[in-house]
2 protein chains.
Amino acid sequence: MAEQAGTPRRTPLSRERILRTAIALADTAGIESLSMRNLAQELGVVPMALYKHVANKDELLDAMIDMVVGEIDAPIPDTEWKQAIRGRILSARSALQRHPWAALAIESRNMATPAILGYLDSVVATLRSGGLSADLAHHVMHAMGSRVLGFSQELFDTTRDAGRSGPNTAPQPAALPPEIAARFPHLAEIATASHDETSVVGSGCDDQFEFEFALDLLLDGIERLQQRGWTSAHR
Amino acid sequence: MAEQAGTPRRTPLSRERILRTAIALADTAGIESLSMRNLAQELGVVPMALYKHVANKDELLDAMIDMVVGEIDAPIPDTEWKQAIRGRILSARSALQRHPWAALAIESRNMATPAILGYLDSVVATLRSGGLSADLAHHVMHAMGSRVLGFSQELFDTTRDAGRSGPNTAPQPAALPPEIAARFPHLAEIATASHDETSVVGSGCDDQFEFEFALDLLLDGIERLQQRGWTSAHR
DNA sequence: ACCTGAACACCGTTCAAGT
DNA sequence: ACCTGAACACCGTTCAAGT
């Protein structure tokens, strides 16, 4: 079960192979199943063997994050800044969606891996090249928050089973259970809102649409500030 | 050490007392120090005793979260919706700041405790009373994301030691270490931006300002959409 | 009837002993 | 010189044995 068919059983352990296996394990079994012991077993080695290639579990997680961030597309040159940022962020989003554990891992880490810093740096570069002041760019990065990296921590999360293999366990809870819908009438109302308008199947809401809605709200607001020559002194 | 001076050593265990102690422990020692065993020791009982009052650790965490959410101020009646929401969210923020572990706990939980649902419901109620359509209110809640609850997952977190007792360990890293400032010039530039403008001591940036900047950017954008009678069909 | 010590099945990580 | 079994100090939770 643990040994893969094609490879000779004694494929030498390498940092690369450890990272790929760790990511695959987290993707399919969930991040909570990623223990040094489980990972070692998956690789057919004794747990201690991993410590030859990674310092400890924290460093392993950092390296996994860096690999995911590395999947984000490079910026498209010669594009208007708003479109460039938009495309970049949507690419980040799809990378993070391929690895559902990554968003929370990034948040719980103290942050600041080289790959993340490189990505953020290039986003700032795009903002600056679009004519935004360093001052405004600074606040923009804060305002975007985790959305820069493609996730926004949806509060009522429709797809929270993050990290299950196979088809998503029950596509949607089919709106709210009636007893809590009664206790929280306004939530019930908006849960069923935008049914008629958008063409979403079932009662689920379109996460991608919500993400872009918020993203564009922010980008449009920022563009307006820039055009008005906003500085921190304004407020 | 574990027994408090004023109380008789046999203060009967109660859910209330367990929760208060758990929150205090997480506040002072950090969430990673909150184990059932540690908590029991703090209370002077055997770990198993806790299971008479809480089903398991997950339920304990949910109850702790609900208690923190309970600290959020009630909405001020008869206020214009934008101001009402703004005040509510800033109150949520200060509650979450008093308990630095809470934001991450909320995110990692599957979400949807009664207190959180009640809070979200009342925020939606305010939006609706301000004349926003259920459709727009829906998207607004998504756009706000975790900011509705007062946190935004700052990506470059200036105060990430969350959960240390005593004075904050070194107020600020004094800008970026020069070697990484060289590798990420645009980050370095915005890190030192808004120095002259705002009156922030040291090189830190004003988290509260950044939060309100983003909040107002969103609220202003939403107000404009509302005034224009925006619906999902627009896009 | 109530309480709890010991135990179970896990962690991440160390270290000395074996080849 | 290299590898690794056993061990350490933890987890959350169960359960049978003790009062």
Side-chain angles (χ1 to χ4, degrees), chain A residues 1-3 7-19 21-26 28-65 101 104-105 108-110 113 163-164, chain B residues 1-3 7-19 21-65 101 104-106 108-110 113 163-164:
Chain A
M1 183 196 198
E3 53 218 44
T7 54
R9 82 171 45 210
R10 259 316 175 108
T11 310
L13 216 43
S14 71
R15 192 176 160 92
E16 170 89 9
R17 202 160 78 89
I18 290 175
L19 290 179
T21 307
I23 288 174
L25 187 58
T28 59
I31 189 73
E32 75 285 350
S33 308
L34 180 73
S35 66
M36 298 300 274
R37 288 164 128 102
N38 269 347
L39 177 55
Q41 183 180 295
E42 196 77 12
L43 288 159
V45 300
V46 76
M48 227 297 286
L50 301 176
Y51 288 85
K52 278 274 134 72
H53 300 89
V54 295
N56 49 41
K57 192 178 181 182
D58 279 354
E59 203 235 354
L60 171 71
L61 281 169
D62 279 344
M64 289 168 66
I65 289 171
W101 48 271
L104 212 99
S108 33
R109 215 98 278 297
N110 267 22
T113 70
R164 290 231 157 273
Chain B
M1 186 197 199
E3 52 217 48
T7 55
R9 84 172 46 209
R10 260 312 176 108
T11 310
L13 215 45
S14 72
R15 194 177 159 90
E16 170 89 10
R17 201 159 80 89
I18 290 175
L19 290 178
T21 307
I23 289 175
L25 187 58
D27 287 349
T28 59
I31 190 72
E32 76 284 349
S33 307
L34 181 72
S35 67
M36 297 300 273
R37 288 164 129 101
N38 269 346
L39 177 55
Q41 184 181 296
E42 196 77 12
L43 288 159
V45 299
V46 75
M48 227 296 287
L50 301 176
Y51 288 86
K52 279 274 134 72
H53 299 89
V54 295
N56 49 42
K57 192 179 181 180
D58 280 353
E59 204 235 353
L60 172 71
L61 281 170
D62 279 344
M64 289 168 67
I65 289 171
W101 48 271
L104 213 99
I106 289 172
S108 34
R109 214 97 278 296
N110 267 21
T113 70
R164 289 234 158 271

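Both backbone and side-chain heavy atoms feed into the values below; hydrogens, waters and symmetry mates do not. In what follows, chains carry the letters A, B, and so on, assigned in the order in which the sequence lines appear, proteins first and then strands, with residues in each chain numbered from 1. Bear in mind that the values here come from a model prediction, so they are computed numbers and not experimental data.
B/N38 and B/S33 make their closest contact through ND2-O, 2.8 Å (heavy atoms, listed as atom of the first residue, atom of the second, distance). Nearest heavy-atom pair across B/I31 and B/W101 is CB-CB, 3.6 Å. Across all non-hydrogen atoms, the minimal contact from A/A22 to A/L34 is O-CD1, 3.8 Å. Taking all atoms of both residues into account, the shortest heavy-atom contact from B/A26 to B/M64 is CB-CE, 4.1 Å. Nearest heavy-atom pair across B/K57 and B/S35 is NZ-CA, 4.2 Å.
For the P atoms, the distance from C/dA7 to D/dC8 is 16 Å, rounded to whole Å. C/dT14 and D/dG12 have their C1' atoms separated by 23 Å, given to the nearest Å.
Using a 4.0 Å cutoff on non-hydrogen atoms, the parts of residues 45-56 of chain B near DNA chain D are B/M48, B/Y51, B/N56, ordered by number.
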Check nucleotides 7-11 of chain C for protein N or O atoms closer than 3.5 Å to its own N or O atoms and list the pairs.
residue: C/dC11; atom: OP1; partner: A/S35; partner atom: OG; Å: 3.1
residue: C/dC11; atom: N4; partner: A/R37; partner atom: NH2; Å: 3.4

Give every donor-acceptor pair under 3.5 Å between a side-chain atom in residues 48-56 of chain A and any protein atom, sequence neighbours left out.
residue: A/H53; atom: NE2; partner: A/L13; partner atom: O; Å: 3.3
residue: A/N56; atom: OD1; partner: A/D58; partner atom: N; Å: 3.3
residue: A/N56; atom: OD1; partner: A/E59; partner atom: N; Å: 3.0

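The distance from the CG atom of B/L25 to the CG atom of B/L43 is 9.0 Å, given to the nearest 0.5 Å. Atoms CZ and CG, on B/R109 and B/D62 in that order, are 4.5 Å from each other to the nearest 0.5 Å.
Between the P atom of D/dG12 and the CD atom of B/E32 lies a distance of 13 Å, rounded to the nearest Å.
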Output field dot_bracket for DNA chain C (Watson-Crick or G-U, both distances under 3.5 Å, | for other-strand pairs) contains ||.|||||...|||||.||
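At least one side-chain heavy atom of B/I18 sits less than 4.5 Å from a side-chain heavy atom of B/L60.
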